[in-house]
Amino acid sequence: MNILEMLSLILLGYMLKRIIKSERFFYILRRLVNEVLFALFVFGNVASKDLSYLLKIKIVFLYVFLVIGISLSASFLYSKLFVKDRKWKGALMVLSSYPNTAALGFPIASLFLDDITPAILYSTTNSLIILPIVTFVAAHYSTGGASIRKSFKKALRFPPTVANLLALTLVIAGIRLSDWFINPIKTIGWTNIPLLLVYFGSRISLGKFSVRKLIEVATFRSLIPFVFVYATLHGYPREIFYAILVESSMPPAIAANAILAQYDLKAEEAISVTFVWTLIVIAFFSILAWRW
């Protein structure tokens, strides 16, 4: 899926919202995308890997951990010191640590690289790690100060998190599922991406847009990772440098906003900020690719 196709699906969702007045349609769409297709997407893509795959990606694998750690810890510290709204604290941490590495990251990486395999490795590895983390954060901050144990239980009620943990367990245990079983799951699961973009478009409203929230999300999700990767990887082979630079600097994932909606964490504000920052990131990397 290229950038133009992605924007077209977002626009389609925005138009459907103006045509279809019943909110029940979009509620069903969210449940289908969040709890069924997203779970199949995660399970199919993770369970199709093997342990040797996880061990061979070396520096890409390392930088996934580093970027998640930096973004999550920096946004947590900032939120603890400067953010009073508990729900926005949780939303900011989710948005800061969950990048759009596939639907947006792959097309942008292709502006710099003929072979985006390292970008795919980054995205897949990121998906293995980040979903349980952000689901737990969202569940914890939506409970109004519930215990870690209760927040963990609430996170496990989200089907994609269970699918991710189950698939990862199979990979670590060395259990390889047959292609006749896993391929249909992957095929159905991939329909999650276009439908998720349509749902995202249906939620866009700039009525609750906040410049301050945009700056906060932009800083922890894109600017800090960009500077970190540029400073530490500049001079590495082009395919490694640009793959990690692009993927680590992407705006929040569309799925991150869906998770916030699932847990009632400032979803409208998050979606408006994500939409604006996505357009800015697309423009920035397009200019960067043209000049470099």
Side-chain angles (χ1 to χ4, degrees), residues 30 34 38 64-101 103-105 126-127 129-146 148 150-152 154-155 158 160-161 196 199-200 203-229 247-282 284:
R30 177 174 67 82
N34 259 16
F38 193 17
V64 171
F65 277 99
L66 289 174
V67 171
I68 290 175
I70 290 171
S71 296
L72 189 59
S73 59
S75 60
F76 171 76
L77 181 60
Y78 172 85
S79 297
K80 192 173 183 64
L81 294 174
F82 302 109
V83 179
K84 295 181 179 179
D85 186 330
R86 179 179 177 84
K87 288 193 172 184
W88 179 246
K89 285 182 182 181
L92 178 59
M93 292 170 64
V94 170
L95 295 173
S96 297
S97 53
Y98 194 170
N100 188 346
T101 57
L104 184 62
N126 185 81
S127 298
I129 300 165
I130 197 60
L131 185 59
I133 294 174
V134 297
T135 307
F136 171 78
V137 170
H140 183 63
Y141 279 87
S142 70
T143 54
I148 299 295
K150 288 184 178 179
S151 298
F152 184 72
K154 188 172 183 180
F158 189 49
T161 300
L196 191 56
Y199 174 75
F200 177 75
R203 301 296 94 186
I204 291 175
S205 171
L206 298 180
K208 293 189 177 182
F209 175 74
S210 165
V211 174
R212 174 176 174 170
K213 287 182 171 63
L214 174 66
I215 293 173
E216 290 171 344
V217 171
T219 299
F220 299 116
R221 170 74 302 280
S222 298
L223 301 182
I224 290 177
F226 184 93
V227 171
F228 170 71
V229 172
E247 294 288 12
S248 66
S249 306
M250 286 296 96
I254 308 301
N257 293 270
I259 290 171
L260 295 181
Q262 184 82 11
Y263 289 97
D264 191 27
L265 286 179
K266 301 291 183 180
E268 290 187 29
E269 292 94 327
I271 287 174
S272 62
V273 165
T274 298
F275 177 67
V276 172
W277 186 239
T278 297
L279 295 180
I280 294 172
V281 168
I282 290 172
F284 171 77

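Note that the coordinates shown come from a computational prediction; the quantities given were computed from them, not determined experimentally.
- For the atom pair Phe220 CZ and Leu92 CG, the distance stands at 6.0 Å (nearest 0.5 Å).
- Taken to the nearest 0.5 Å, the CZ atom of Phe275 stands 10.5 Å off from the CD1 atom of Ile280.
- Considering every non-hydrogen atom in both Ile224 and Ala74, the closest pair reads CD1-CB, 4.5 Å.
- Screening Ile215, Leu214, Val211 for a side-chain contact (heavy atoms from CB on, under 4.5 Å) with Val273, the sole residue that qualifies is Leu214.
- Ring orientation note: the planes of His140 and Phe136 are close to parallel, at an angle under 30° on the 30°/60° scale.
- Within the model, atoms CZ of Phe76 and CG of Leu81 stand 9.0 Å from one another, a figure rounded to the nearest 0.5 Å.
- In this structure, the side chain of Ser142 engages the main chain of Ala139 through a donor-acceptor pair within 3.5 Å.
- Residues Asp85 and Lys266 form a side-chain contact, since some pair of their non-hydrogen atoms from C-beta on lies under 4.5 Å apart.
- Nearest heavy-atom pair across Pro225 and Ser249 is C-OG, 4.4 Å.
- For the pair Gln262 and Arg30, the minimum side-chain heavy-atom distance is below 4.5 Å.
- Within the model, atoms CG of Leu279 and OG1 of Thr274 stand 11.0 Å from one another, a figure rounded to the nearest 0.5 Å.
- Leu95 and Arg221 get closest at one heavy-atom pair: O-CD, 3.2 Å.
- Put simply, the side chain of Pro99 reaches to within 4.5 Å of the side chain of Asn126, judged on heavy atoms.
- Lys89 approaches Val83 most closely through the heavy-atom pair CE-O, 2.6 Å.
- For the pair Ile259 and Tyr98, the minimum side-chain heavy-atom distance is below 4.5 Å.
- Applying the side-chain hydrogen bond (donor to acceptor under 3.5 Å, both in side chains) criterion to Lys87, with sequence neighbours excluded, gives Asp264.
- For the residue pair Ser71 and Ser96, the shortest heavy atom distance occurs at CB-O, 3.3 Å.
- In this structure, Ala270 and Leu260 approach most closely via the heavy-atom pair CB-CD1, 3.5 Å.
- A heavy-atom distance below 4.5 Å is not found between the side chains of Ile254 and Leu104.
- Contact of the Val281 side chain with the Met250 side chain is registered, since non-hydrogen atoms from C-beta on lie closer than 4.5 Å.
- Ring-plane geometry between Phe226 and Phe284 is classed as perpendicular, the angle between the planes exceeding 60 degrees on a 0 to 90 degree scale with a lower cut at 30.
- Side-chain contact check for Thr278 versus Asn100: every heavy-atom pair is 4.5 Å or farther apart.
- Residues Met93 and Tyr141 meet the side-chain proximity criterion, which asks for heavy atoms closer than 4.5 Å.
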Show, in sequence, the C-alpha distance, side-chain angles and deciding distance for Glu216 and Phe82, and conclude whether the side chain to side chain contact (heavy atoms under 4.5 Å, CB included) test is met. CA-CA 11 Å; Glu216 290 171 344; Phe82 302 109; over 6 Å; no
